[in-house]
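Letters go in sequence order (proteins before strands), and every chain restarts at 1. Not measured: the values here are computed from a predicted model.
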Amino acid sequence: MTVIHFKDVTKSYRKHNVLKSMNFTIERNVITGVIGRNGVGKTTLMKIIAGFMEEMSGTVEVFSEKPFNNLRVSANSIFIDDAMAFPQAMTLQDILKECSRFYANWDGELANRLVDYFDFHRNARHQFLSKGKKSTFNAIIGISARCPLTLFDEPTTGMDAAVRKDFYRALLKDYLAHPRTILLSSHHVEEIEDLLEDVLLVQNGAIRFHGAITELQEMFIVLTGKHEKLSRHTVGKEVVLRDTSGPFPNWTVANSFTEAEKDQMVADGIIISPVSANNAYIALTNGPKGGIDDVFDRTETV
Amino acid sequence: MLDMDGSKPIYVQIAEWIETEIIDGTLGPDAKVYSQYKLAELFNINPATAGKGLSILLENGIVYQKRGLGTFVSPDGRDKLRSRRKEVTLRRLIQQLLDEAELLGVDDHHLQTLIEAERKRKKGDSE
Amino acid sequence: MYLTEPKLFDIVKKQFRFKMNAHAAAFTMLVFLQGVSFALELSNNNAFNHFHEMMPSITWISFSSGQFLGLTLVWAFVLGVLITNTARKNESFSFVTTRLSHHLANFLFMVFASVIGGITVVLCGSMLKLFTFFRYGEVAVQTPGLIAAPGDFFIRLVTAIALVSLLFFIGYTISSLFQFSRILIVLLFLGWMTPFLQRFAENGIGFLFNEPSFMLFVVKIVMTLFILFGISVASTNRLEVGQ
């Protein structure tokens, strides 16, 4: 079953085109990572899905309906980010109580256990929490609401490393017990890559890649070895990243090698390894620009 | 437990982990293999990725699936793994050994005496 | 996970309860304001002693509940502005809502608060009377109260509620229009200076308040509230959240 469908969706603020012709479909009960550099339109995309913002043209369907001003979409989805606002008069306990009335699948017991685990005072006020604590509390709401469509926009802002790890683990465990459609945006791909099934890579307001995370990883391989050997074996191949920071250069290359070519390289002493999703993402979004080292290479030769 | 730095894709690592469990006898013939959800929880990864690990084993006939019941070790799963490891893993190790020997100028006879010596030493250790 | 099929009425009810919790402080504020004006009214020496050679002395005390009403109207206007500003709207959207259910919940909240406001204004007046009675002993109370003239008491109550709700909705509409377009508010303010709009406003006020029939007055107020509310909903129904 399709949960989210975008067809030729555009969105702009004043004269800046944030989304230019977005096309994708997200199926039920998949965890999709919405990844991309800062300012590429990840938040706008998710806010359109949540019904907070309205597309300018194209078709957006969430649960087969246009999400903007749609009560059914609102009741079945939740949007979590660090800017979530709650009334000053309400304590954390009050907020949890409101959640239990609004969200049909709300698990109050889980919420309470998480609140205790992360050392919250129930009588604390949301606006006086530190940035990381605020994110943690919002994330607890996002997990406990068990909405069929759960949107996390940079949920770990301000959390320390241990809490981030706990959050991802909690999200995975609850997802395994209660599968639902989850969108998780982050520019720290290395943190979320194991959690994801699919990746929606946003670049310049369009979808650069959408598919299984393993597919993204298999688009590239890393070759480590002596420079001249690497050069010889990659003739006619697309080298996307040349990392010269280690003792041996390692190059990230588009994976268009045949098994025979790979055997030859191994025989020649080149080490072949797969790329992490994060490096594949960097390789894909960097394009033919090379890496940061190239910037300095040019300066040095001038 | 797993090599998260990604020298191998995670689902390959999971497949290899289960293979080792089968080879060392932890999982006998027709034993139930962890479900993809259990694996996901165990390794803290997405169940779809864990499922990919299982499907590698399924494709190779190491495990079989019973609809609605789960995944089980094939009766000949262990033998298949053993012979494959002989063919593939052992061959690769020998290749590496030969490459290294060539680099160091060790001839075949010398190599054989080295292997014999190592075997004797190991026997001595275990006795 | 199954999908829930929400009913608008149900969500409005939940949003209304949420707003009651969120704006609980507004009622505390009202009680405080009434208390302050009560104290002020009492401390004012409105007692005049009239002496006449041939007559026994009369103590003439005049007071009015105008002060209570005035403060409550200011309270209503300010609260009307505050409950629909962007921050409050974003808070609604932290839970289940659409723009419409957010407005409808605010509508219910304002009606509820107007009734509370209206009742307290009238009750404060009555309390003041009672207080004066105990303070000065025997008095001939000139204004009729609930027992003396229940009809009059009822009319005062409804009038107070009508006025409070009118100010609520004016504040609410201005705040909504402000979100829709800041320039529009500036233009309206400048337009206020022009004779045309001034005459329009005067006529409007005249239309509402120079109504001899009480029933018609109430009908006119209710209609005005709905028109103002309609303007608020229409002007903000396409606004985006969290921007």
Side-chain angles (χ1 to χ4, degrees), chain A residues 1 3 11 13 28-29 43-44 46-48 50-54 63-65 67-81 83-91 94-95 97-105 126-127 138 141 145-150 153 175 178-181, chain C residues 1-30 79 82-106 109 179-180 233-243:
Chain A
M1 196 187 94
V3 174
K11 175 77 186 173
Y13 296 121
R28 200 166 79 120
N29 294 351
T43 298
T44 305
M46 292 175 90
K47 283 192 170 174
I48 288 176
F52 287 9
M53 292 184 173
E54 191 175 19
F63 304 122
S64 315
E65 290 175 19
F68 191 75
N69 259 347
N70 187 317
L71 202 59
R72 191 162 162 263
V73 171
S74 180
N76 288 294
S77 65
I78 190 165
F79 178 87
I80 304 290
D81 69 354
M84 257 183 126
F86 295 103
Q88 296 184 354
M90 293 171 81
T91 62
D94 295 336
I95 294 170
K97 212 168 161 190
E98 292 294 339
C99 288
S100 73
R101 293 198 291 107
F102 276 106
Y103 293 105
N105 304 328
H126 193 265
Q127 83 261 29
N138 298 352
I141 292 179
R146 294 224 175 105
C147 285
L149 174 59
T150 304
D153 187 21
Y175 166 78
H178 305 275
R180 63 197 103 154
T181 312
Chain C
M1 211 161 269
Y2 69 94
L3 294 184
T4 41
E5 299 294 337
K7 299 212 165 32
L8 178 65
F9 178 69
D10 195 41
I11 298 296
V12 170
K13 243 173 29 191
K14 286 175 180 172
Q15 281 281 343
F16 171 65
R17 269 186 72 179
F18 163 62
K19 281 167 202 295
M20 289 293 288
N21 291 338
H23 305 315
F27 295 102
T28 321
M29 188 67 193
L30 178 68
L79 200 57
L82 289 182
I83 62 172
T84 192
N85 68 16
T86 317
R88 298 294 87 75
K89 195 175 69 181
N90 290 352
E91 286 165 7
S92 286
F93 273 86
S94 290
F95 303 103
V96 176
T97 194
T98 57
R99 284 145 196 84
L100 182 65
S101 63
H102 162 74
H103 280 305
L104 288 175
N106 278 341
F109 176 78
Q179 285 179 60
F180 175 68
V233 173
S235 61
T236 56
N237 204 35
R238 307 227 74 83
L239 288 184
E240 300 186 324
V241 178
Q243 261 303 293

Relative to chain C, which segment of [X] carries a heavy atom at a distance below 4.5 Å: side chain, backbone, both, or neither?
X       : result
A/Phe79 : neither
A/Asp81 : neither
A/Ala83 : neither
A/Met90 : side chain

Do the rings of C/Phe93 and A/Phe52 sit parallel, tilted or perpendicular, given the 30° and 60° boundaries?
perpendicular
Which one of A/Lys97, A/Glu98, A/Arg72, A/Arg101 has the most heavy-atom pairs closer than 4.5 Å to chain C?
A/Arg101
Which one, A/Ala89, A/Cys99, A/Ala104, A/Ala75, leads in non-hydrogen pairs under 4.5 Å with chain C?
A/Ala75
Select one option (side chain, backbone, both, neither) describing which atoms of [X] are under 4.5 Å from chain A's heavy atoms.
X        : answer
C/Leu239 : backbone
C/Ser94  : both
C/Ala22  : both

Could you check whether atom CZ of C/Phe180 has more than 12 heavy atoms from other residues, nucleotides or ligands sitting under 6.0 Å from it?
no
Within a reach of under 6.0 Å around CD of A/Gln88, are more than 12 heavy atoms found that belong to other residues, nucleotides or ligands?
no
Ring-face cation of C/Arg238 near A/Phe68 (centre distance under 6.0 Å, axis angle within 45°)
no
For the residue pair C/Glu240 and A/Glu54, what are the closest heavy atoms and their distance?
OE2-N, 2.7 Å
C/Ile11 side chain reached by A/Leu71 side chain, heavy atoms, under 4.5 Å:
yes
Flag side-chain contact, heavy atom, 4.5 Å: A/Asn69 against C/Asn237:
yes
Value rounded to 0.5 Å, distance of OG1 in C/Thr97 from CZ in A/Phe102
7.0 Å
Any chance the rings of C/Phe18 and A/Phe86 have centres within less than 6.0 Å?
no
